[in-house]
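Let me begin by presenting the structure, written as structure tokens, before commenting on it.
None of these values were measured; they are calculated from a predicted model. Ligands are counted one by one from 1 in listed order, and the atoms in each one are counted from 1 as well.
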Amino acid sequence: MAVELFELVANLDAILQPARFKDYSPNGLQVEGRARVARLVTGVTACQALLEAAIAERADAVLVHHGYFWRGENPCLTGIKRRRIALLLEHDISLLAYHLPLDEHPSLGNNAQLAQQLGIPVVSQRYEGDGSCPVMEGQLPTAVAGHAFAAHLARVLGRKPMHIAAEREIRRLAWCTGGGQGFIEHAIELGVDAYISGEVSEQTVHIARENAIHFFAAGHHATERYGVQALGEHLAKILPLEHRFLDIENPA
Ligand SMILES: [Zn+2]
């Protein structure tokens, strides 16, 4: 039971349509390994620990949300980049990475999957192809207090969020996983009661307070664990391969 690597990539491209996105890193096959894939490992970031765990799992390919070759970074293969890529090449393992297309996919994406984890019915998805406004919006069946929603986030994600509290109850929410705190202004334009992202910046706190909306920084890793996992499970249903998601703990 195995799939050709090119067929796996073709399926991923058909699902995620990376050509629609102007991204900060190349989407698709970033490092080419062996021609056939029987075992696929997924993870959030292609860090050394994930690669070592994938080798222990005898993976043929690793699929991640955060791959390599980011815009503006030093392109030379030195330091941790050399060690990571050397490990992949030495073990003939492919690295596949999808960034914005995996945030935005309407059912398998990080934003959609976070909504599913949290039980928030989605109302709309605002998306511009260049990643300038990747905010999803939802509405709870009944309004809840801010502290109750913070407790819900902590329970579901296994991590206490930073909560910048406001007076109002929460019914309408917007969110963008990962480092999406800068999109809080889009959430304010939507008129929601709360905005959720992974990370926080100094100014996010002021923007939330001065617009009197709740803000939750629920963890970059914690909010982006679910997309790649759902994608791996989907691939295992439609292609002859085994899939395993490996969670490399990250408190950020
Ligand atoms: Zn991210």
Next item on the list: Report yes or no: does Glu224 have an N/O/S atom closer than 2.8 Å to the Zn ion (ligand 1)?
Entry: yes
Checklist line | For Thr223 against Ser197, the heavy-atom pair lying closest together | finding: CG2-O, 4.3 Å
Item checked: Leu190 side chain reached by Val135 side chain, heavy atoms, under 4.5 Å -> yes
Next item on the list: State, yes or no, whether a side-chain contact exists between Phe215 and His163 at a heavy-atom distance under 4.5 Å.
Entry: no
Check: Does any N, O or S atom in His66 come within less than 2.8 Å of the Zn ion (ligand 1)?
Finding: yes
Next item on the list: Could you check Gln229, His243, Arg244 and say which one makes a side chain to side chain donor-acceptor pair (under 3.5 Å) with Thr42?
Entry: His243
Notebook entry, point to check: Below 2.8 Å, any N, O or S contact between His65 and the Zn ion (ligand 1)?
Noted result: no
